[in-house]
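Just so it is clear, the structure is predicted and the values come from calculations on it, not from any experiment.
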Amino acid sequence: MNVEELKRVLADQWDTLSRKLERENIVGRELKGRILANFSPTAHIITGPRRSGKSVLSATLPGRPLYVNFEDPAMAGFAIGDYRRLMQAGYELFGEFDYVVLDEVQEVEGWERMVSVLRDDYPTVLTSSLP
């Protein structure tokens with residue numbers, strides 16, 4: 001995927017998530033405190049059943065996230081080698097961000113290698129639904 005395609009997808013995903021956050025009745029979670037207690041450049045994994053609030057929790061941590069939903073059909077062509085273009089698209093679209101959210105990251109083959117690189121520079125929050 002090229003940077004312009006990624007920028008369009010990221011903007012659409014952020015708009016969708018923002019509308020969801022506005023209309024949802026968000027329940028505070030104890031887990032947020034545990035995540036923030038160790039919120040440094042490393043990987044944080046949030047798993048659970050579908051519709052349990054993983055995406056909302058990850059996107060409402062303090063600071064500005066770069067939110068990426070890999071379950072979006074528009075991300076179907078994403079390969080781990082695209083991660084640098086993903087980061088460039090994020091910078092061009094949103095400017096600086098404080099952490100990266102990779103929602104439903106298991107949809108990307110070889111995601112572990114991408115996360116290994118990202119977590120060196122950013123708190124990286126991964127969400128994954130339980131089977």
Side-chain angles (χ1 to χ4, degrees):
M1 299 182 80
N2 68 44
V3 172
E4 292 305 314
E5 290 172 322
L6 287 166
K7 283 170 56 176
R8 281 191 297 276
V9 172
L10 291 175
D12 287 346
Q13 289 181 357
W14 186 252
D15 287 344
T16 300
L17 181 64
S18 295
R19 284 193 308 273
K20 180 180 182 176
L21 293 175
E22 288 174 4
R23 72 175 183 267
E24 294 279 328
N25 181 19
I26 298 174
V27 176
R29 307 276 186 203
E30 285 181 29
L31 182 58
K32 187 180 275 191
R34 288 194 288 170
I35 293 170
L36 293 174
N38 297 305
F39 208 55
S40 60
T42 191
H44 305 273
I45 302 168
I46 303 172
T47 62
R50 292 194 174 283
R51 308 283 307 147
S52 63
K54 299 177 301 292
S55 302
V56 169
L57 172 64
S58 63
T60 58
L61 294 168
R64 293 169 296 172
L66 173 60
Y67 174 83
V68 187
N69 179 0
F70 288 109
E71 203 166 47
D72 183 342
M75 293 298 286
F78 188 86
I80 62 165
D82 293 329
Y83 86 91
R84 285 194 174 127
R85 285 185 288 280
L86 175 69
M87 299 305 285
Q88 180 182 349
Y91 283 123
E92 289 181 14
L93 194 59
F94 302 116
E96 293 293 320
F97 41 87
D98 301 309
Y99 63 102
V100 178
V101 176
L102 304 177
D103 200 2
E104 300 297 344
V105 70
Q106 77 280 358
E107 297 296 325
V108 178
E109 188 172 331
W111 62 267
E112 301 91 342
R113 294 188 314 227
M114 177 177 60
V115 170
S116 181
V117 172
L118 290 176
R119 72 179 185 165
D120 286 341
D121 295 321
Y122 296 97
T124 304
V125 180
L126 316 171
T127 74
S128 178
S129 295
L130 297 172

Results of side chain to side chain donor-acceptor pair (under 3.5 Å) for D103 - residues two or more places apart only: S55, Y67, T127
Is there a path from F97 to M114 through hydrophobic residues (I, L, V, M, F, W, Y) whose side chains come within less than 4.5 Å of each other? yes
Residue set satisfying salt bridge (charged side-chain N to carboxylate O under 4.0 Å, His left out) with D98, at least two apart, ordered chain then number -> R64
Look up atom CZ in F70 and atom CD in E104, then write down how far apart they are to the nearest 0.5 Å. 11.0 Å
Atom CG of L66 and atom CG of L93: how far apart are they, to the nearest 0.5 Å? 8.5 Å
I need the minimum non-hydrogen distance between A59 and P65, along with the two atoms involved. O-CG, 4.0 Å
Starting at CG of L118, measure out to OG1 of T42 and round the result to the nearest 0.5 Å. 12.0 Å
Enumerate the residue pairs fulfilling salt bridge (charged side-chain N to carboxylate O under 4.0 Å, His left out) with a member in residues 67-90, sequence neighbours excluded, ordered by first and then second residue. R50-E71, D82-R85
Does E92 have any side chain to side chain donor-acceptor pair (under 3.5 Å) partners at least two apart in sequence or in another chain, and if so, which? K7, Q88
Contacts of type side chain to side chain donor-acceptor pair (under 3.5 Å), residue W14, not counting sequence neighbours: S18
Of all heavy-atom pairs between S58 and I46, which one has the smallest distance, and what is that distance? CB-CD1, 4.3 Å
Can you measure from CG (L17) to OG1 (T60) and round to the nearest 0.5 angstrom? 9.0 Å
Once side-chain hydrogen bond (donor to acceptor under 3.5 Å, both in side chains) is applied, what residue pairs with a partner in residues 111-121 remain, sequence neighbours excluded? none
Between V68, L6, V9, which is the residue that forms a side-chain contact (heavy atoms from CB on, under 4.5 Å) with F78? L6
Taking ring-ring contact (aromatic ring centres under 6.0 Å, His included) as the definition, give me every residue that meets it alongside Y83, ordered by chain and number, with sequence neighbours left out. none
Among residues at least two apart in sequence or on other chains, which ones pass side chain to side chain donor-acceptor pair (under 3.5 Å) with Y99? none
Would you say V117 and V101 are hydrophobically clustered, going by side-chain heavy atoms of ILVMFWY under 4.5 Å? yes
In short, L126 meets A43 closest at the heavy-atom pair CD1-CB, 4.5 Å
Who pairs with E109 by side-chain contact (heavy atoms from CB on, under 4.5 Å), at least two apart in sequence or on another chain? none
Working note: M87 + V100, criterion side-chain contact (heavy atoms from CB on, under 4.5 Å); need CA distance, chi angles, decisive distance, verdict. CA-CA 9 Å; M87 299 305 285; V100 178; 4.1 Å; yes
Rounded to the nearest 0.5 Å, the NE2 atom of H44 sits from the CG atom of L57 at a distance of 11.5 Å
